[in-house]
Novice: 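First the structure, then my questions, so here it is.
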Amino acid sequence: MATFKPSDFNKKVTFGEVKSVKNPNTGSTQQKFVPALNLWYAPKTRTLNQQYQLQGTSLENTNVIIVRHHAALDGFKMAQINEVMFDIIQISPDESNNYITYDFVTLKRRT
């Protein structure tokens, strides 16, 4: 397993879900992203060979980020980075007995 420096985790991701939220001024409800968990992440760069292998699959045009292992990640379906919404396609948790573990999260930009 690759090791990462703390300085690699220099970007922020917010995990949450879309809920119906009531507007206190008008009383109407609307669908809105509700943040639940903020984590620092390191982007994972794919090789050109890996990108070519993903073409034509459901994982085409996805990004992978690396976060410190967090058990609560399993319950989330959406993430937000810099006001851009992403669907969580896959979470690959590291559930080994190592002292420091990492989860690889595959994200696809919402259209």
Side-chain angles (χ1 to χ4, degrees):
M1 181 72 183
T3 58
F4 302 98
K5 301 181 301 271
S7 62
D8 292 341
F9 295 85
N10 58 3
K11 297 177 180 5
K12 198 78 133 165
V13 60
T14 303
F15 295 95
E17 58 187 323
V18 174
K19 289 185 178 180
S20 294
V21 178
K22 188 174 184 177
N23 185 327
N25 298 325
T26 64
S28 65
T29 59
Q30 64 185 39
Q31 297 290 320
K32 193 171 185 180
F33 179 76
V34 179
L37 178 65
N38 291 315
L39 294 175
W40 293 99
Y41 77 91
K44 170 81 168 95
T45 305
R46 291 185 179 134
T47 65
L48 283 176
N49 189 37
Q50 290 171 330
Q51 290 179 20
Y52 295 147
Q53 288 177 343
L54 293 177
Q55 285 185 348
T57 69
S58 62
L59 295 177
E60 186 176 17
N61 298 323
T62 59
N63 298 331
V64 176
I65 63 172
I66 305 162
V67 297
R68 291 282 305 268
H69 178 67
H70 200 290
L73 279 181
D74 197 31
F76 295 111
K77 300 288 184 206
M78 295 184 70
Q80 184 178 27
I81 300 172
N82 297 331
E83 303 298 321
V84 178
M85 300 300 299
F86 293 89
D87 289 318
I88 298 174
I89 304 300
Q90 183 179 24
I91 299 174
S92 178
D94 182 356
E95 295 178 347
S96 65
N97 286 334
N98 295 335
Y99 180 67
I100 298 175
T101 56
Y102 303 98
D103 295 341
F104 287 69
V105 182
T106 305
L107 303 173
K108 188 166 195 168
R109 189 178 186 143
R110 295 198 93 181
T111 54

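Just so it is clear, the model here is predicted, and its values are computed rather than measured. For reference, positions follow the sequence shown, starting with 1.
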Novice: Quick one, Trp40 and Lys12 - any side-chain contact, counting heavy atoms below 4.5 Å?
Specialist: yes

Novice: Find the distance between OG1 (Thr45) and CD (Gln51) and round it off to the nearest 0.5 Å.
Specialist: 9.0 Å

Novice: Do Phe4 and Ile100 come within less than 4.5 Å of each other through their side chains, counting heavy atoms only?
Specialist: no

Novice: Answer with yes or no whether the hydrophobic clustering places Ile89 together with Leu54; edges join I, L, V, M, F, W, Y residues whose side-chain heavy atoms lie under 4.5 Å apart.
Specialist: yes

Novice: Under 3.5 Å, sequence neighbours excluded: what are the donor-acceptor pairs made by side chains of residues 63-79?
Specialist:
from  : atom 1 : to     : atom 2 : distance (Å)
His69 : ND1    : Asp103 : OD1    : 2.7
His69 : ND1    : Asp103 : OD2    : 3.1
His70 : ND1    : Ala72  : N      : 3.3

Novice: Under the rule for salt bridge (Lys or Arg N to Asp or Glu O under 4.0 Å), what residues qualify as partners of Arg46, not counting sequence neighbours?
Specialist: none

Novice: Answer yes or no: does atom CD of Gln31 have more than 12 heavy-atom neighbours from other residues, nucleotides or ligands under 6.0 Å?
Specialist: yes

Novice: With a 3.5 Å cut-off and no angle check, do the side chains of Thr14 and Asn38 form a donor-acceptor pair?
Specialist: yes

Novice: Is it the case that Thr47 and Asn49 place a side-chain donor and acceptor less than 3.5 Å from each other?
Specialist: no

Novice: Do Thr29 and Val21 have side-chain heavy atoms sitting under 4.5 Å apart?
Specialist: no

Novice: What heavy-atom pair brings Leu59 and Thr62 nearest, and what distance separates the two atoms?
Specialist: O-OG1, 2.6 Å

Novice: Going through the distances and angles, do Ile88 and Phe15 end up as a side chain to side chain contact (heavy atoms under 4.5 Å, CB included)?
Specialist: CA-CA 9 Å; Ile88 298 174; Phe15 295 95; 3.6 Å; yes

Novice: I need the single residue from Arg110, Lys108, Arg109 that forms a side-chain hydrogen bond (donor to acceptor under 3.5 Å, both in side chains) with Asp87. Which is it?
Specialist: Arg110

Novice: Rounded to the nearest 0.5 Å, what's the gap from CG on Leu107 to CE on Met85? Could you check?
Specialist: 10.5 Å

Novice: Report the residues that fulfil salt bridge (Lys or Arg N to Asp or Glu O under 4.0 Å) with Glu17, sequence neighbours left out, ordered by chain and then residue number.
Specialist: Lys19

Novice: Is there a side-chain contact between Pro43 and Lys11 in this structure, where contact means two heavy atoms from C-beta onward sitting under 4.5 Å apart?
Specialist: yes

Novice: Measuring only between side-chain heavy atoms, which start at C-beta, is Phe86 closer than 4.5 Å to Val84?
Specialist: yes

Novice: Which atoms form the tightest heavy-atom contact between Asn98 and Thr101, and what is the distance?
Specialist: O-CG2, 3.7 Å

Novice: Considering all heavy atoms of both residues, which atom of Pro93 and which atom of Ile91 are nearest to each other, and what is their separation?
Specialist: CD-O, 3.2 Å

Novice: Is there a donor in the side chain of Gln30 and an acceptor in the side chain of Ser20, or the other way round, less than 3.5 Å apart?
Specialist: no

Novice: Other residues, nucleotides and ligands only: do more than 12 of their heavy atoms fall within 6.0 Å of CG on Asn23?
Specialist: yes

Novice: Parallel, tilted or perpendicular, judged at 30° and 60°: which one describes the rings of Phe9 and Tyr102?
Specialist: parallel

Novice: If two hydrophobic side chains count as joined below 4.5 Å and joins carry through other members, does Ile81 share a cluster with Leu37?
Specialist: yes

